[in-house]
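Worth knowing before you read on, the calculation uses all heavy atoms, side chains too, and leaves out hydrogens, waters and symmetry mates. Quantities reported herein were computed from a predicted structural model and do not represent experimental measurements.
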Amino acid sequence: MRAHGAFRVPDYGLGVGLRGAVCIAGALMLASLACSGRDAAAPVGVFSEDAVSEPGIERGASTESQSVPPDGGPFTSVAVGYQHTCAVRTDDRVACWGVNDSGQADAPDGRFTALAAGKEHTCGLQVDGAIVCWGLDFEGLLDAPSGQYIALSAGESHSCALRSDGDVQCWGSAGTQSLTPPGGHFADVATGTGHSCVLRSGGTIQCWGDNQSGQADPPGGRFTSISAAGDHSCGLRTDGAVRCWGRRLTPDGQAPTGSMSAVSTGGRHACALRADGNVECWGTNYWGQTDAPDGLFVSIAAGWRHSCAVRADGTVHCWGRRFASEVLPPDGSFVAVAASSDHNCGIRAEGTMACWGTNAHGQIDAPDGRFIDAAVGNGLSCGLRRDGTVECWGLVPPMELLARDGRLVDEIDDAEVRFTAISTGSDARSSRLCGLSTQGSLHCAPVGLESREASGPLRAVSVGEGLWCVLHAGGAAQCWHHYGSPHPDTPEGRFNSVSAGDNHACGVRAGGTLKCWGVDYAGLLDAPSGQFTAVSTATNHTCAVRTNGALECWGLNYAGLLNAPSGQFTAVSTAINHSCAIRTEGTIECWGTFRTPPQGVAFH
């Protein structure tokens with residue numbers, strides 16, 4: 001992708017001016033760059049180019065400020081990484097959101113003119129021409145060279161930048177050949193996975209590095225900008241036509257026709273900004289990354305699974321993989337929340353259900369009516385209505401207990417049962433649902449959970465990824481593995497609540513202290529001291545609410561799982577990659593793998 005991070009390009013006689021052209025950006029295989037200039041007000045048609053990058057994966061921690069970026073917008077440019085996005089505001093400050101496993105969304109303070117987003121790192125061009133990089137510190141990815149630069153591009157494992165004197169310098173770990181640019185003076189640079197390209201001052205393109213798909217064999221002719229990503233590249237000709245080479249994005253390998261003002265390549269797709277301000281994308285559309293919205297835009301950035309563009313009013317619109325949707329709760333006041341790996345559901349104060357996140361199976365299409373409890377699993381959502389009936393929607397597997405339009409019934413006499421609580425859990429293969437009847441008996445689907453072993457009367461049930469637990473009327477806890485055998489480490493004593501995870505469980509004792517048991521992995525059993533009112537256990541981490549309303553999380557701290565927000569809360573729900581909690585005023589806040597975009601960003 002061309003310089004992943006867009007940058008302001010000096011005037012080399014190609015119609016791209018330093019001050020009028022806001023920037024040219026390019027994306028690298030998994031890198032992207034955001035085009036912009038601090039003095040680029042970004043009127044429609046001013047951007048000459050933007051670049052892209054691709055989204056990433058989860059692993060690291062971030063600070064609370066990255067979980068909820070400061071108020072943002074309007075923006076002048078955007079850079080898209082593997083699973084994170086960064087944008088430059090009109091005041092030259094940077095806001096990032098999305099996956100932050102390696103700190104790639106931990107934007108530093110300072111003023112920037114351009115950004116380049118790689119797979120798990122980001123680089124920014126400061127107003128004084130210096131380069132600053134943050135994120136995955138692997139084999140020199142963050143070791144940006146000193147000096148003054150006017151453009152940069154970030155890829156999966158290496159980055160390149162264009163000096164103010166026209167020289168190109170690269171760093172990272174893409175191999176010696178990929179890190180050794182040709183000599184000469186250049187007007188633009190773009191980095192892919194294992195290849196890089198430069199735009200010479202005369203408008204011709206030269207590439208080097210990996211060439212298995214022909215990505216380093218540029219066509220002849222004169223160009224005004226370039227963009228590289230993965231194993232393909234695209235360039236914008238002087239007449240506005242887009243020409244691509246390398247791995248074919250379409251069966252005929254052709255980009256759309258017409259006059260364009262910018263082009264940006266992603267992992268397996270590309271987007272171009274037409275001269276009239278409309279966006280057109282082509283290539284792989286598995287995640288909807290080529291379904292560009294209507295309207296007029298001034299800047300574009302194509303990523304690995306999603307794309308973003310800046311409108312003339314400075315707002316950012318993104319489409320494709322909804323990597324941030326799990327932590328975008330709806331407005332309003334809530335009394336309960338349930339989190340799963342790809343979607344969440346909450347019950348509003350008036351009893352209606354609201355769900356958000358991935359909707360591949362209709363799991364966020366909550367039915368009308370009033371509910372008192374919610375439970376979610378992989379592609380599955382269930383709600384407990386006020387009349388005690390249970391209703392499920394989404395990916396409802398063939399369960400003996402789920403009959404008659406998804407209602408939970410008794411598997412013995414096929415009679416509908418009234419329930420007081422429900423819980424779902426999911427492993428890699430299926431989802432499971434359990435309900436606690438008004439008589440205190442347990443009913444589960446599928447029946448292979450051996451729910452009859454948990455004889456009543458019971459007062460609570462929790463189904464996890466690998467365990468499920470119940471609380472007896474007297475407060476004693478009892479747990480089983482999903483395959484039916486009792487869990488040998490369940491402690492004695494009285495509990496107020498219990499939460500089951502994959503290989504461990506935690507409970508709030510009658511006195512308010514916490515107790516965890518099971519596999520001692522990554523400190524999962526090291527429950528904090530003090531008094532608590534609620535606890536929620538997931539595969540790799542656990543969170544609990546203290547009696548003063550503060551949140552406390554422990555376990556494996558990847559993807560910011562342990563970076564709980566400050567404040568006072570009444571409830572918490574954990575999932576494999578993020579968590580959600582309800583503040584005392586009723587609003588929901590989430591954190592973890594995915595981050596909330598700053599204001600001014602809409603994701604479709």
Side-chain angles (χ1 to χ4, degrees), residues 1-2 6 8-9 11 14-27 32-37 39-52 73-80 87-88 90 188 199 203 221-227 234-244 249-250 252 254-266 269-283 285 288-303 306-320 600-604:
M1 314 159 141
R2 211 220 65 237
R8 199 176 324 165
V9 183
D11 190 356
L14 299 177
V16 181
L18 171 62
R19 303 217 168 259
V22 56
C23 65
I24 295 183
S32 127
L33 101 85
C35 176
S36 110
D39 48 358
V44 176
V46 169
F47 278 68
S48 87
E49 237 170 295
D50 262 339
V52 198
F75 299 95
T76 60
S77 66
V78 61
V80 183
V88 180
T90 53
D188 200 2
L199 179 67
R222 297 181 68 238
F223 293 79
T224 61
S225 63
I226 51 176
S227 179
C234 292
L236 187 67
R237 290 190 180 274
T238 53
D239 62 359
V242 172
R243 178 72 184 276
C244 300
L249 300 180
T250 59
D252 60 5
Q254 300 299 312
T257 60
S259 180
M260 310 289 176
S261 62
V263 63
S264 179
T265 54
H269 77 291
C271 294
L273 184 65
R274 290 193 175 274
D276 61 5
N278 286 292
V279 173
E280 185 161 355
C281 301
W282 64 100
N285 194 38
Q289 60 265 51
T290 66
D291 295 333
D294 296 331
L296 301 181
F297 296 85
V298 296
S299 175
I300 55 171
H306 73 291
S307 307
C308 295
V310 181
R311 291 189 183 274
D313 62 3
T315 58
V316 174
H317 282 249
C318 301
W319 59 97
V601 176
F603 207 101
H604 300 285

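- Arg237 approaches Gly221 most closely through the heavy-atom pair NH1-CA, 3.6 Å.
- Within the 3.5 Å criterion, the main-chain N or O of Thr265 finds a donor-acceptor partner in the side chain of Ser227.
- The minimum heavy-atom distance linking Cys281 with Trp319 is given by the pair SG-CZ2, 3.8 Å.
- The two residues Ala301 and Ala79 come nearest to each other via the heavy atoms CB-CA, 4.4 Å.
- Shown here for Gly303 and His269, the closest heavy-atom pair between the two residues is O-CE1, 2.7 Å.
- Remark: Asn278 engages Asp276, Leu296 in a side chain to side chain contact (heavy atoms under 4.5 Å, CB included) (not counting sequence neighbours).
- Every residue two or more places apart in sequence or in another chain was checked for a salt bridge (charged side-chain N to carboxylate O under 4.0 Å, His left out) with Arg243, and none qualifies.
- Counting all heavy atoms, side chain and backbone alike, Phe223 lies closest to Leu199 at O-CD1, 3.6 Å.
- To the nearest 0.5 Å, atoms CZ (Arg274) and CD1 (Ile300) are separated by 11.0 Å.
- For the pair Val242 and Leu236, the minimum side-chain heavy-atom distance is below 4.5 Å.
- Going from atom CG of Asn285 over to atom CG of Leu249 covers 12.0 Å, rounded to the nearest 0.5 Å.
- Note: Phe297 and His317 have perpendicular aromatic rings, judged against thresholds of 30 and 60 degrees for the angle between ring planes.
- Here the closest non-hydrogen pair linking Phe75 and Ala87 is CD2-CB, 3.3 Å.
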